[in-house]
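Naming: A, B, ... by sequence-line order, numbering from 1 per chain.
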Amino acid sequence: MRLSRFYMPVMKETPAEAQIVSHRLMLRAGLIRQQAAGIYSWLPLGKRVLAKIEQIVREEQNRAGAVEVLMPTLQSADLWRESGRYEAYGDEMLRITDRHKREMLYGPTNEEMITDIFRSTVKSYRQLPVNLYHIQWKFRDEVRPRFGVMRGREFLMKDAYSFDLDADSARKSYRRMFIAYLRTYARMGLKAVPMRADTGPIGGDLSHEFIVLADTGESQVFCHRDLIEMPVPPADFDYDGDSESVVNERTSLYAATEEMHDAAAFEALPEDKRITARGIEVGHIFYFGTKYSKPMNAKVAGPEGTDVLVEMGSYGIGVSRLAAAIIEASHDENGIIWPESVAPFDLALVNLKPGDAATDEACSKIYRELGAAGRDVLYDDTDERVGAKFAAMDLIGLPWQVIVGPKGLAKGEIEVKNRRTGERESLTVEAAIKRFATRPAF
RNA sequence: CGGGGCGUAGCGCAGCCUGGUAGCGCAUCUGCUUUGGGAGCAGAGGGUCGUGUGUUCAAAUCACACCGCCCCGACCA
């Protein structure tokens, strides 16, 4: 994409309303624009990041055996009356009345709806297990939205729902998601630690929050140091094999949010193993048994021929929130530093002197050949001053900057800058093309 | 929802206290110069001062109401 044809409204100054760094940088780099309290438009750069995050989530869900569907944002109140949550959910739920005076709501989550889909289509235990997920916008009418998309009212979320015949297999389903989550966050360059969580209003007896450690985190968290450096299950992890040891290895070490914190147990750890930090919740998984299947009568015929209530779990990932969480975890004073896997473009190509024949030609060659190789290149072909160009590129945080100017070219060189480390390297045009033309596999 | 604060040009702000018909910086446009880390000079465009009502000869400025947004707290992916 040529910057001259792209839409990327970057700002030098920070809008007054933004308090935390991710919110400031998202506004300054032109990722989002606020439309109302807690409601945002996603501009091209932000939209690209969102799509990258979404795709990683999707790939890991699929790998773990979950199946994608798409449920609507608007739901009927009747469905929620069945579970009793229409009354229980309170003012957080945005209620809407349609022209026929039918009561509707903008879904804050989808347990009822997925249970309805399940019960009307799955009749036998032979069809189990089933795990369905979707990636859809949700709305929770937070009393006080803040921190940009970190705590918006409208947010993009992946939510998966598992259905099993009995508690044992339901726990197996839970572990699949647990492992898929470890991989998902790691692929985004995040260290997310699973912590015992309060099951809250959704209920159930087994639940973990996945927490990214960041100074600006909303809650205090406590965990064992070894959790931070634990290796991630590989891409070819056998989900049908032993998931228990992977999960146990992690859940046996101390890790808890403030609400679940047990000071005595934590103090019992060796001092150098204790980590007290701030955390951002980026996922939450629950096993809640028959909490919804029972009131909504979701049953299948069991092996003995009698109907059995299905055992359910639900598994959320805050997709839009992750965009902010990644920035919180990865930025410097100049701007965002995107991990390669979620960067809106693979690299920036900076033409320091548009109009200079040799510079234009070198840039054009790099742009075309990397494009042909499948790389997403943001080519800054604009007339801005170099200082402004560099500042903008640092701000938007693409992992690599390929810098081409007449001075370097006179020596047969262009410059490659690593946004994260700041390291610069001089290469020939051909060497730079070769370097970036091959996409590293994760 | 309790407490606090703010709405003036795209962004950041001054002007309001003490009413007299709107200004600064950045950004934008034009010209010249400049050109490897957010340039300089000269000129230009852009605002129903959140909305409504009231007070007044006169309201960005005073009063009342409403709307919106932000911050702290209680609540949450």
What's the [atom1]-[atom2] distance between [X] and [N], to the nearest Å?
X	N	atom1	atom2	value
A/Glu13	B/A9	CD	P	14 Å
A/Arg144	B/A74	CZ	C1'	11 Å
A/Phe147	B/C75	CZ	P	15 Å
A/Glu142	B/C1	CD	P	15 Å
A/Leu94	B/C76	CG	P	19 Å
A/Gln19	B/C72	CD	P	6 Å
A/Ile20	B/C70	CD1	P	13 Å
A/Leu27	B/G10	CG	C1'	14 Å

Whom does [N] pair with, Watson-Crick or G-U wobble, provided both distances fall under 3.5 Å?
N	answer
B/U56	none
B/C6	B/G68
B/A22	none
B/A14	none
B/G36	none
B/U61	none
B/G46	none
B/G31	B/C41

Could you check whether the rings of [X] and [Y] sit parallel, tilted or perpendicular, using 30° and 60° as the cut-offs?
X	Y	answer
A/Tyr40	A/His23	perpendicular
A/His261	A/Phe222	parallel
A/Tyr367	A/Tyr379	tilted
A/Phe288	A/Phe286	tilted
A/Phe178	A/His208	perpendicular

Consider the side chain of [X], meaning its heavy atoms from C-beta on, and name the nucleotide among [options] that approaches it most closely.
X	options	result
A/Glu218	B/C72, B/C76, B/C11	B/C76
A/Val143	B/G12, B/C76, B/A74	B/A74
A/Phe155	B/A77, B/C1, B/C75	B/A77

Inset, instruction - Assign A/Gly355 to base, sugar-phosphate, or nothing according to its heavy-atom contacts below 4.0 angstrom with the strands shown. - result: nothing
Inset, instruction - Identify whether any heavy atom of A/Ser320 sits under 4.0 Å from a base atom; if not, whether one sits that close to sugar-phosphate; answer base, sugar-phosphate or nothing. - result: nothing
Distance check, [atom1] atoms only: [N] and [M], in whole angstrom units.
N	M	atom1	value
B/U35	B/C41	C1'	16 Å
B/A27	B/A44	C1'	14 Å
B/C57	B/A14	C1'	29 Å
B/A65	B/C71	P	25 Å
B/G43	B/G38	C1'	23 Å
B/A39	B/C72	C1'	42 Å
B/U18	B/C64	P	15 Å
B/G5	B/C24	P	30 Å

Inset, instruction - For each nucleotide in nucleotides 41-47 of chain B, reading 5' to 3', give B when a protein heavy atom comes within less than 4.0 Å of its base, S when such contact involves only the sugar-phosphate, and - otherwise. - result: -------
Inset, instruction - Indicate for each nucleotide in nucleotides 34-40 of chain B, in 5' to 3' sequence, whether protein heavy atoms under 4.0 Å reach the base (B), only the sugar-phosphate (S), or nothing (-). - result: B-BBBB-
Inset, instruction - Count the heavy atoms of every other residue, nucleotide or ligand shown that sit under 6.0 Å from CZ of A/Arg81, and state whether that count exceeds 12. - result: yes
Legend entry - Atom CG of A/Asp215: over 12 foreign heavy atoms under 6.0 Å: no
Legend entry - A/Tyr174 ring center near A/Tyr287 ring center (under 6.0 Å): no
Inset, instruction - For this output row, return yes or no: ring centroids of A/Phe436 and A/Trp400 closer than 6.0 angstrom. - result: yes
NZ/NE/NH1/NH2 to OD/OE distance under 4.0 Å, [X] and [Y]:
X	Y	result
A/Arg151	A/Glu142	yes
A/Lys365	A/Glu369	yes
A/Asp376	A/Arg48	yes
A/Glu425	A/Arg435	yes

Legend entry - Donor-acceptor pair under 3.5 Å, A/Arg140 side chain vs B/C76 base: no
Between N or O atoms, less than 3.5 Å apart, protein on one side and nucleotides 65-69 of chain B on the other: list the pairs.
| residue | atom | partner | partner atom | Å |
| --- | --- | --- | --- | --- |
| B/C69 | OP1 | A/Ala37 | N | 2.6 |
| B/C69 | O3' | A/Gln34 | NE2 | 3.2 |

Legend entry - Comparing A/Arg146 and A/Asp91 on RNA chain B - which has the more 5′ nearest nucleotide: A/Asp91
Legend entry - Position toward the 5' end of RNA chain B (nearest nucleotide), A/His23 or A/Arg151: A/His23
Legend entry - Any donor-acceptor pair under 3.5 Å from A/Arg419 side chain to A/Gln401 backbone: no
Inset, instruction - Flag this pair as yes if the NZ/CZ of A/Arg95 is under 6.0 angstrom from the six-membered ring centre of A/Tyr86 and inside a 45 degree cone about the axis; otherwise no. - result: yes
